[in-house]
Amino acid sequence: MAVNYKELGLVNTREMLQKAMAGGYAVPAYNFNNLEQIQAIINGCGRTGSPVILQVSKGAREYADPILLRNLGKGAVEMACSQGYKIPIALHLDHGDSYEVCEACIENGFSSVMIDGSHHPYEENVELTRKVVNFAHHHDVTVEGELGILAGIEDDVSAAQSLYTRPDDVEDFVRRTGVDSLAISIGTSHGAFKFKPEQCTKNEQGVFVPPPLRFDILAEIEKRIPGFPIVLHGASSVLQKYIDIINSNGGKLEAAVGIPEGQLRQAASSAVCKINVDSDGRLVMTAMIRKIFSENPKEFDPRKYLGPAREELMKMIMDKNRNVFGSAGRY
Ligand code: G3H
Ligand code: 13P
Ligand code: ZN
């Protein structure tokens, strides 16, 4: 049975992204796969008064079941309401790779979808994206398209090298597809290993410092489509604190490098209105769980390790909203 997101109390991303554009901040888009992650996201965003986009990848749909995920989204809205949080909440498909998966999500209560045609030739990307937009807009669901390729792994698709978005393409793409927002490639990538050590310099603390994002390309894109919401994927900072906890408790994540927070702050104050974070959440939870298991090898109650992991994730989300994305208090 088809369900419209409005019946669930969700909103699409149109108004939140317009407000972010006008206010010079970015709306956080956090990926979730399970109960503890969605609790941390809603409580973190609720406590900071930040609008939020709950993101579900194709992998998450397979892991957690689409019907259950939709009901977690519905439950998230009700829980937010019962806690007195007034924040708008969108439920978004991340990296939809076909018309069919977008259609299924729209009919299953999602308020926003991404159709990622960036791996197709340009004209095919336009065609596919336009087809999704036609169906989505009929249901007042917003659509994110993508131009340019990020390095790293997105579900089954992996790219060894990034291909920056060509500013020459963006105006044509936005006009012909009717998309509501556009994901671009300016040097970010998915996962915890965004840059090879040889691409980085080392600071005094021995921490890898990556090359800066291509803000020149972003500025050129902004000139071509003024006032149009831009999305940044692959924007985890890979916080050293959690890498250290993981590595000192049996993990092996040497040479993990992310996007420095200062660069994300800069992006958030530009036309970048939505910033995607998945890996940072995974790292926080892994760090806390590893620490608890090393400190207390007798622990076997999932609440005793997932609970602290959830608490730390919420703190990280609050910090990002306040100090990186500037989205706190913007509901
Ligand atoms: O963009 C990719 C997201 O981090 C989703 O990752 O496909 O492992 O769920 P996943
Ligand atoms: P990270 O891997 O940097 O968290 O990026 C997540 C993302 O872009 C989800 O679409
Ligand atoms: Zn992504």
Side-chain angles (χ1 to χ4, degrees), residues 13-14 17-18 20-22 24-27 29 92-99 102 112-137 142-155 157-190 194-195 199 210-235 259-260 263-276:
T13 60
R14 194 167 291 123
L17 297 188
Q18 271 163 8
M21 175 70 78
Y25 62 93
V27 177
H92 174 81
L93 169 67
D94 191 26
H95 294 286
D97 61 351
S98 68
Y99 173 81
C102 292
S112 177
V113 293
M114 174 185 193
I115 176 68
D116 182 355
S118 62
H119 297 271
H120 296 298
Y122 181 76
E123 284 301 325
E124 278 176 42
N125 187 1
V126 169
E127 194 52 41
L128 175 62
T129 306
R130 186 171 49 201
K131 192 174 167 198
V132 170
V133 169
N134 286 344
F135 184 76
H137 283 182
T142 38
V143 180
E144 175 183 324
E146 179 165 339
L147 274 178
I149 296 178
L150 273 69
I153 298 170
E154 301 160 5
D155 282 320
V157 186
S158 79
Q161 288 230 302
S162 68
L163 257 184
Y164 298 128
T165 306
R166 286 163 29 95
D168 281 350
D169 292 338
V170 297
E171 197 184 344
D172 180 73
F173 186 81
V174 164
R175 185 176 46 77
R176 286 171 63 200
T177 59
V179 278
D180 302 282
S181 60
L182 180 68
I184 60 164
S185 172
I186 55 166
T188 61
S189 68
H190 292 102
K194 299 187 189 299
F195 303 93
Q199 291 176 278
L213 297 179
R214 293 292 304 268
F215 284 102
D216 56 325
I217 298 178
L218 174 60
E220 197 51 44
I221 291 170
E222 287 190 61
K223 260 197 232 157
R224 309 293 179 99
I225 42 173
F228 192 80
I230 301 296
V231 179
L232 209 56
H233 282 246
I259 312 295
Q263 294 192 36
L264 295 173
R265 246 177 247 124
Q266 187 180 339
S269 65
S270 73
V272 170
C273 296
K274 170 177 180 271
I275 295 188
N276 287 9

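We're numbering straight along the sequence, starting at 1.
- By the 6.0 Å contact criterion, CD on Glu171 is open, its count of non-hydrogen atoms from other residues, nucleotides or ligands being 12 or less.
- Residues satisfying the side-chain contact (heavy atoms from CB on, under 4.5 Å) test with Ser98, not counting sequence neighbours, are Glu100, Val101.
- Minimum interatomic distance between Tyr99 and Leu128 (heavy atoms only, all atoms of both residues): N-CD1, 3.9 Å.
- One distance of note links CZ of Arg166 with CG of Leu147; it measures 9.5 Å at 0.5 Å rounding.
- Qualifying side-chain hydrogen bond (donor to acceptor under 3.5 Å, both in side chains) partners for Asn125, counting only residues two or more places apart in sequence or in other chains: Thr129.
- Once rounded to the nearest 0.5 Å, the distance linking CG of Asp169 with OH of Tyr122 reads 5.0 Å.
- The CZ atom of Phe173 sits 10.0 Å away from atom OG1 of Thr165, with the distance rounded to the nearest 0.5 Å.
- Applying the side-chain hydrogen bond (donor to acceptor under 3.5 Å, both in side chains) test to His120 and every residue at least two apart in sequence or in another chain returns nothing.
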Distance-only donor-acceptor pairs under 3.5 Å for side chains of residues 216-228, two or more places apart:
from, atom 1, to, atom 2, distance (Å)
Asp216, OD1, Arg214, NE, 2.9
Asp216, OD2, Arg214, NE, 3.4
Asp216, OD2, Arg214, NH2, 2.8
Glu220, OE2, Arg224, NE, 3.1
Glu220, OE2, Arg224, NH2, 3.2
Arg224, NH1, Asp168, OD1, 2.9
Arg224, NH2, Asp168, OD1, 3.2

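- Scanning all heavy atoms of the two residues, the minimum distance from Val113 to Cys102 falls at CG1-O, 4.1 Å.
- Atom CZ of Arg175 is separated from atom CZ of Arg130 by 10.5 Å, given to the nearest 0.5 angstrom.
- By the side-chain hydrogen bond (donor to acceptor under 3.5 Å, both in side chains) test, Thr13 is found to be paired with Thr142, residues two or more places apart in sequence or in another chain being considered.
- Taking each heavy atom of Gly96 and Leu93 in turn, the nearest pair found is CA-CD2, 3.6 Å.
- Scored by the side-chain contact (heavy atoms from CB on, under 4.5 Å) test, Pro212 finds Gln263 as partners (sequence neighbours excluded).
- Residues that satisfy the side-chain contact (heavy atoms from CB on, under 4.5 Å) test with Ala183, not counting sequence neighbours, are Met114, Glu144, Glu146, Val231, His233.
- Using modelled atom types, one finds a donor on one side chain and an acceptor on the other under 3.5 Å when comparing His137 with Asp180.
- Across Ile275 and Leu264, no two heavy atoms sit closer than the pair CD1-O, 4.1 Å.
- Contacts of Arg176 classified as side-chain hydrogen bond (donor to acceptor under 3.5 Å, both in side chains), with partners at least two apart in sequence or in another chain: Glu123, Asp172.
- The aromatic rings of His190 and His95 lie perpendicular to each other, with more than 60° between the two planes, well past the 30° mark.
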